[in-house]
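These values consider heavy atoms only, across backbone and side chains, with no hydrogens, waters or symmetry-generated copies.
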Amino acid sequence: MSLFTVDSSNVFSGGVAEAGKYNVQIVKTMNSVSGRNNQYVTIDYEVLDGKYKGSQIKFQNVTWDNDDVENSIKRFNTIAVAIGAKDGAVIESVAQFASAIKGKKLSIDVDWDEPNNKGKVYLGVKGYGPLDPDGSQPNGVKRPTENSASPKVKTNNATSTAKNDSFAKNGEQITIDDDSLPF
């Protein structure tokens, strides 16, 4: 008996390389508790169509903040509505939510997050919606790199002009000769 049959349509892809709007399926959910005792769901998405079909957008956390229940409800409700949950559906727990959304399809808006503590930049989900009949729409914005980041301009605030000298009287330059210096 063979181990497997080669199938070119069943391979890992190179990953999503552009921000944009993607039709996805939720392929993995994991319910966890943060150090602040807030429950959260880590969600992995797989792109359903377009040039990044089969690529995954991983490790997206959605947190139920016990100190901000109103926004937590909106956050989780936004995902529930995007996957097609009907008004009046009751969610009993974050664990139930995590289990219920696995395998569901929706569209997500993604953009590049700020660099993490190791300087790495990853896609982050910024919005949720129903599947887009026009398909996934990368927007051409690629991962920022050190080379593509805007150069930091060093400025020298010190200036030798009397105009900017706060010790000058009426814009006149103050001259101190070497004999007046204590060294």
Side-chain angles (χ1 to χ4, degrees), residues 4-5 7-144:
F4 71 95
T5 302
D7 178 359
S8 63
S9 67
N10 187 24
V11 297
F12 290 113
S13 66
V16 177
E18 299 173 65
K21 185 175 187 176
Y22 293 95
N23 284 332
V24 296
Q25 181 170 15
I26 297 173
V27 293
K28 181 179 177 185
T29 60
M30 186 172 66
N31 188 36
S32 302
V33 178
S34 74
R36 292 183 48 214
N37 205 31
N38 289 321
Q39 291 187 62
Y40 65 95
V41 181
T42 302
I43 305 171
D44 292 353
Y45 303 93
E46 185 172 299
V47 178
L48 296 172
D49 54 23
K51 70 181 186 178
Y52 295 111
K53 181 179 180 179
S55 296
Q56 291 192 2
I57 300 167
K58 298 181 131 198
F59 310 118
Q60 302 298 309
N61 293 331
V62 182
T63 303
W64 184 273
D65 186 342
N66 297 319
D67 295 329
D68 190 0
V69 173
E70 183 179 337
N71 279 320
S72 294
I73 291 171
K74 286 181 182 179
R75 186 177 306 115
F76 280 70
N77 197 43
T78 301
I79 297 170
V81 170
I83 63 172
K86 302 294 182 215
D87 283 347
V90 177
I91 306 298
E92 299 292 341
S93 67
V94 173
Q96 177 201 15
F97 178 84
S99 177
I101 65 173
K102 188 173 180 183
K104 302 295 189 211
K105 297 176 181 179
L106 69 157
S107 70
I108 56 174
D109 294 309
V110 296
D111 204 352
W112 299 105
D113 280 338
E114 293 296 316
N116 65 15
N117 60 358
K118 294 181 181 177
K120 302 287 185 186
V121 178
Y122 297 100
L123 284 172
V125 177
K126 307 301 180 191
Y128 307 88
L131 282 175
D132 188 336
D134 294 331
S136 294
Q137 301 165 26
N139 66 12
V141 177
K142 304 241 180 185
R143 180 190 314 261

*F59 CZ to L123 CG distance, which is reported to the nearest 0.5 Å*: 13.5 Å

*Of all the heavy-atom pairs spanning Y52 and E18, show the shortest one and how long it is.*
OH-OE2, 2.7 Å

*asked:* Less than 3.5 Å apart, any donor N or O on the side chain of T42 or N61 sitting next to an acceptor on the other?
replied: yes

*Let me know which of D113, D111, D109 forms a side chain to side chain donor-acceptor pair (under 3.5 Å) with K126.*
D113

*Residues two or more places apart in sequence or in another chain: which of them pass side chain to side chain contact (heavy atoms under 4.5 Å, CB included) with K105?*
Q25, L48, L131

*Within a strict 4.5 Å, meaning less than it, do heavy atoms of the I91 and F76 side chains meet?*
no

*Examine distances only and state if a side-chain atom of S72 and a backbone atom of D65 form a donor-acceptor pair shorter than 3.5 Å.*
yes

*Side chain Q56, main chain E46, donor-acceptor under 3.5 Å*: no

*Side-chain contact test, heavy atoms from C-beta onward, threshold under 4.5 Å: evaluate it for V62 versus Y40 and give yes or no.*
no

*Using modelled atom types only, decide if a donor and an acceptor are shared between the side chain of S99 and the backbone of A95 within a distance under 3.5 Å.*
no

*Would a distance-only check, ignoring hydrogens and angles, find a side-chain to backbone donor-acceptor pair under 3.5 Å from N66 to N37?*
yes

*Over all heavy atoms of both residues, which pair between Q96 and V90 is shortest? Give the atoms and the distance, please.*
NE2-O, 3.9 Å

_Shortest non-hydrogen contact from Y22 toward P138_ = OH-CB, 3.3 Å

*Please round to the nearest 0.5 Å and tell me the distance separating atom OG1 of T78 and atom CD1 of I83.*
11.5 Å

*Could you tell me whether the side chain of K58 reaches within less than 4.5 Å of the side chain of Y122, counting heavy atoms only?*
no

*Hey, does the side chain of S55 reach the backbone of V47 with a donor-acceptor pair shorter than 3.5 angstrom?*
no

*asked:* I'd like to check V110 versus Q60 (side-chain heavy atoms, cut-off strictly below 4.5 Å). Are they in contact?
replied: no

_Using a 3.5 Å distance criterion without hydrogens, assess whether the side chain of S34 forms a donor-acceptor pair with backbone atoms of R36._
yes

*Using 30° and 60° as the class limits, which term best fits the ring planes of Y128 and Y45: parallel, tilted or perpendicular?*
tilted

*For the residue pair S107 and P130, what are the closest heavy atoms and their distance?*
OG-O, 2.9 Å

*Could you grab the distance from atom OG1 of T29 to atom CD1 of I101, nearest 0.5 Å is fine?*
5.5 Å

_Once rounded to the nearest 0.5 Å, what's the spacing between atom CZ of R75 and atom CG of D68?_
6.5 Å

*Does K28 have any side chain to side chain contact (heavy atoms under 4.5 Å, CB included) partners at least two apart in sequence or in another chain, and if so, which?*
D44

*Using only heavy-atom distances, determine whether the side chains of D49 and S136 contain a donor-acceptor pair under 3.5 Å.*
yes

*Heavy atoms, side chains only, cut-off 4.5 Å: are I26 and L106 in contact?*
yes

*Shortest non-hydrogen contact between N38 and W64, atoms and distance*: CB-O, 3.2 Å

*Side chains of F97 and I79 in contact at under 4.5 Å (non-hydrogen atoms)*: yes

